[in-house]
2 protein chains.
Amino acid sequence: MDLFVSKYFNKIDKKGRISLPSSFRNVLPKANRNEIILYKSIKSSSIEGCGVGRLKEIAKRINNLDFFSEDYDDFSTSIFSEIVTTNIDKEGRFLIPEELKLYAGIKTEAAFFGQGHFFQIWEPKQGLKNTEDSRRRLLKEKKSLRMMLTQQK
Amino acid sequence: MDLFVSKYFNKIDKKGRISLPSSFRNVLPKANRNEIILYKSIKSSSIEGCGVGRLKEIAKRINNLDFFSEDYDDFSTSIFSEIVTTNIDKEGRFLIPEELKLYAGIKTEAAFFGQGHFFQIWEPKQGLKNTEDSRRRLLKEKKSLRMMLTQQK
DNA sequence: TGGGATTATATGGGCGTCAATGGGTATATG
DNA sequence: CATATACCCATTGACGCCCATATAATCCCA
């Protein structure tokens, strides 16, 4: 499986370390399995994360913008300066930077939610609430969900 | 990681030295790991920096401008003639030339902002304000920022 | 197929190394 | 010679690496 799926609830230890779920680690390419990138989610108070390969894609895309335009700087600043890379230790743990923990309201425990090509890290209660909320929204438009699931490529 | 990412706040000591963040040093090619170039940003009151190898890339971008336009001369002059090279000492520190510190309003502390293939050095408060401003501009077009982050190859 | 043995995962903690910072002294450069 | 800059050494705190344990998952063979 090369997608981030399912949800996990892990603890942050005294040193601030937390285990990246094993199944998530396996999604990372063997080459860069000891490094991930983290950034503040744009539309929720959660942290989003993924492998570094994804960042290189983004870099390429930004590089194609007009270098002398204002957009270039805006994207570059909002993305590159906001992204942090963190190392994963031999046991599969990493540190969540203080600023990101504050942003997401995370203290001693965190919830990992698979999102396919990336994952989210939530304060557990907020994360669960968000799941409920989004499911409720989807069910309101059951028809579109049905289409999404049954439509053939 | 071969990109300048994240942000760091470091101090300038009595001798005028400041540490280039360790993760930035690692982006520099092992060959020229003790030298960087600095120049005034064209678009903001910040200093931009990168490894010497990036000079060619800058030259290429300027060359793509219309040779007979006023912009060409302006950019060419503003950038090339203003570039300074500085050496990084054994501990990873370097000196920010007085003129550049003045230009950016930097005194005792400076903020490093990753920008992918280069980085910016700001007076800390101005740098943070700039980040907010540019994010605000982008969020007006939420769709485009989101696309940038989530679009698949 | 049952049950013990092996392996993996999440978690805890000791300790050495490195990054950021400070300062003394040699060296260079005008 | 005077000032600036490079090199060397020191300190502190953070982080990475190593080892350890408990629980859970998997295996493997009688």
Side-chain angles (χ1 to χ4, degrees), chain A residues 1 4-28 30 32-38 49 52 84-102 106-114 119 121-124 127, chain B residues 1 4-28 30 32-38 49 52 84-102 106-114 119 121-124 127:
Chain A
M1 173 59 63
F4 300 104
V5 296
S6 190
K7 50 177 183 283
Y8 303 87
F9 297 83
N10 291 344
K11 292 182 169 69
I12 296 178
D13 69 19
K14 291 177 195 167
K15 295 182 175 181
R17 300 172 298 188
I18 187 168
S19 291
L20 184 68
S22 165
S23 84
F24 284 16
R25 299 202 292 269
N26 292 328
V27 178
L28 305 175
K30 310 106 243 127
N32 287 73
R33 190 154 278 187
N34 50 0
E35 196 176 19
I36 55 174
I37 69 172
L38 300 174
V52 294
V84 298
T85 67
T86 67
N87 291 72
I88 300 183
D89 71 17
K90 294 276 171 67
E91 284 73 35
R93 295 172 292 192
F94 66 100
L95 298 170
I96 306 177
E98 207 54 43
E99 190 188 343
L100 293 182
K101 278 198 283 191
L102 275 174
I106 291 170
K107 296 195 187 107
T108 63
E109 201 179 353
F112 294 83
F113 289 84
F119 58 87
I121 309 175
W122 287 81
E123 186 285 321
Chain B
M1 176 57 58
F4 298 103
V5 296
S6 192
K7 49 177 185 277
Y8 302 88
F9 298 84
N10 290 344
K11 292 182 169 71
I12 296 178
D13 69 19
K14 291 176 195 169
K15 296 181 176 180
R17 300 172 298 188
I18 187 168
S19 292
L20 185 67
S22 164
S23 84
F24 283 17
R25 299 202 292 269
N26 291 329
V27 178
L28 305 174
K30 309 107 243 125
N32 286 72
R33 192 154 276 187
N34 49 1
E35 194 177 18
I36 55 174
I37 67 173
L38 300 174
V52 291
V84 297
T85 69
T86 66
N87 290 74
I88 300 181
D89 72 17
K90 294 276 170 67
E91 282 74 36
R93 295 173 291 193
F94 66 101
L95 298 170
I96 306 177
E98 207 53 42
E99 190 189 344
L100 293 182
K101 277 199 282 191
L102 275 174
I106 291 169
K107 296 195 186 108
T108 62
E109 200 179 354
F112 294 83
F113 288 81
F119 57 87
I121 309 175
W122 287 81
E123 185 285 321

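Keep in mind the model is a prediction, meaning the values are calculated, not measured. We name chains A, B, ... by the order of the sequence lines, and we start the count at 1 in each one.
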Contact nearer the 5' end of DNA chain C, comparing A/Y8 with B/G92 = A/Y8

Are OP1 or OP2 of C/dA20 and a side-chain N or O of B/R25 less than 4.0 angstrom apart?
-> yes

Relative to the ring of A/F119, is the ring of A/F24 parallel (under 30°), tilted (30 to 60°) or perpendicular (over 60°)?
-> tilted

Of C/dA20, C/dT11, C/dG22, the nucleotide closest to the side chain of B/D13 is C/dG22

Taking CD1 from A/I18 and P from C/dT9, how many angstroms apart are they, rounded to a whole number?
-> 16 Å

Give the rounded distance in Å between these two atoms: CG of A/D89 and P of C/dT11.
-> 12 Å

How long is the line joining CG of A/N26 and C1' of C/dT9, in whole Å?
-> 11 Å

Roughly, in whole Å, what's the span from CD in B/E91 to C1' in D/dT11?
-> 13 Å

Measure up the B/F94 and B/F112 rings against each other and bin them: parallel (under 30°), tilted (30 to 60°), perpendicular (over 60°).
-> perpendicular

Nearest-Å distance for atom pair CG/C1', residues B/N10 and C/dA19 = 10 Å

Atom-pair distance (CZ on A/F94; P on C/dA10), nearest Å = 11 Å

Check whether any side-chain heavy atom of A/L20 sits under 4.5 Å from a side-chain heavy atom of A/L28, and report yes or no.
-> yes

Answer with base, sugar-phosphate or nothing: what part of the nucleic acid does B/I88 contact at a heavy-atom distance below 4.0 Å?
-> nothing

Look at all strands and tell whether B/S19 reaches a base, only sugar-phosphate, or nothing, counting heavy atoms closer than 4.0 Å.
-> base

Assign B/K14 to base, sugar-phosphate, or nothing according to its heavy-atom contacts below 4.0 angstrom with the strands shown.
-> sugar-phosphate

Out of D/dC8, C/dT9, D/dG16, which has the shortest distance to the side chain of A/K15?
-> D/dG16

Take the protein atom CZ of A/F9 and the nucleotide atom C1' of C/dT9, then report the distance between them rounded to whole Å.
-> 17 Å

Looking at side-chain heavy atoms only, is the closest gap between A/N34 and A/K90 below 4.5 Å?
-> no

Considering just the side-chain nitrogens and oxygens of A/K90, establish if one lies under 4.0 Å of OP1 or OP2 belonging to D/dC18.
-> yes

Look at all strands and tell whether A/L95 reaches a base, only sugar-phosphate, or nothing, counting heavy atoms closer than 4.0 Å.
-> sugar-phosphate

Side chain A/R93 and base C/dG12 donor-acceptor under 3.5 Å = yes

Can you tell me how far P of C/dA19 sits from CG of B/L20, to the nearest Å?
-> 12 Å

Could you tell me whether the side chain of B/N10 and the main chain of B/S19 form a donor-acceptor pair under 3.5 Å?
-> yes

